[in-house]
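Beneath this line is the structure, given in structure tokens, with notes to follow.
Just so it is clear, the structure is predicted and the values come from calculations on it, not from any experiment. Just so you know, these numbers use all the heavy atoms, side chains as well, and skip hydrogens, waters and symmetry mates.
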Amino acid sequence: MDMKQMMRQAQKMQAELAKAQEEIKDLSFEATAGGGMVKAVARGDMNIESISIDKDALDPEDVEMLEDMVCAAVNEALRGINDMSASRLNSVTGGMNIPGLM
């Protein structure tokens, strides 16, 4: 493989990575906890878009349970969006570990 061809391939991969990173920003992942009583939606930019809490989850006698469900739903949503992002980037890089991507 000559140097020009390698440079073209590198430029193509760079363009595909930029496109994938833009697509990732538009991704969202929804997770629930407590049998669906708490729902969290994370975006591709690793921000939480929304949290929904069913009114039946509101028990003034057990605030800790609600806090645990919120944490569980948020953590699962962030894990899910992270997995989706990694999968999308791996489809471009062929599994190569490129520092700074994730």
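For A20 against L89, the heavy-atom pair with the smallest separation is CB-CD2, 4.1 Å. Pairing each heavy atom of A31 with each of A73, the nearest pair is CB-O, 3.5 Å. Contact between A77 and A40 at its shortest, heavy atoms only, is CB-O, 3.8 Å. Between G34 and M69 the shortest heavy-atom distance is CA-SD, 3.4 Å.
Side-chain contact between V41 and I48 is absent, with no heavy atoms from C-beta onward closer than 4.5 Å. Annotation: side chain of V38 is not in contact with side chain of T32 (no heavy-atom distance under 4.5 Å).
Under the side-chain contact (heavy atoms from CB on, under 4.5 Å) criterion, D26 pairs with no residue at all, not counting sequence neighbours. K25 pairs by the side-chain contact (heavy atoms from CB on, under 4.5 Å) definition with E22, not counting sequence neighbours. Residues satisfying the salt bridge (Lys or Arg N to Asp or Glu O under 4.0 Å) criterion with D45, sequence neighbours excluded, are R43.
For E16, the CD atom sits in a packed shell: over 12 heavy atoms of surrounding residues, nucleotides or ligands are nearer than 6.0 Å.
The distance from atom CG of D59 to atom CD of E64, rounded to the nearest 0.5 Å, is 12.0 Å. Distance check, rounded to the nearest 0.5 Å: NZ of K19 to CD of Q21 gives 13.5 Å. Rounding to the nearest 0.5 angstrom, the gap separating the CE atom in M7 from the CD atom in Q14 is 9.0 Å. Rounding to the nearest 0.5 Å gives a distance of 12.0 Å between CG of L27 and CG of D83. Taking CD from E67 and CE from M65, the interatomic distance works out to 11.0 Å, rounded to the nearest 0.5 Å. In this structure, CZ on F29 lies 9.5 Å from CZ on R79, to the nearest 0.5 angstrom.
Remark: side-chain polar atoms of N75 are paired, donor with acceptor, to backbone N or O of C71 under 3.5 angstrom.
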CA sep, side-chain torsions, deciding dist, call: V70, I51, side-chain contact (heavy atoms from CB on, under 4.5 Å): CA-CA 8 Å; V70 170; I51 295 177; 4.3 Å; yes
Take I53 and M37 through the test side-chain contact (heavy atoms from CB on, under 4.5 Å) and record every step on the way to the result. CA-CA 6 Å; I53 300 173; M37 295 178 85; over 6 Å; no
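A donor-acceptor contact closer than 3.5 angstrom links the side chains of S91 and R88.
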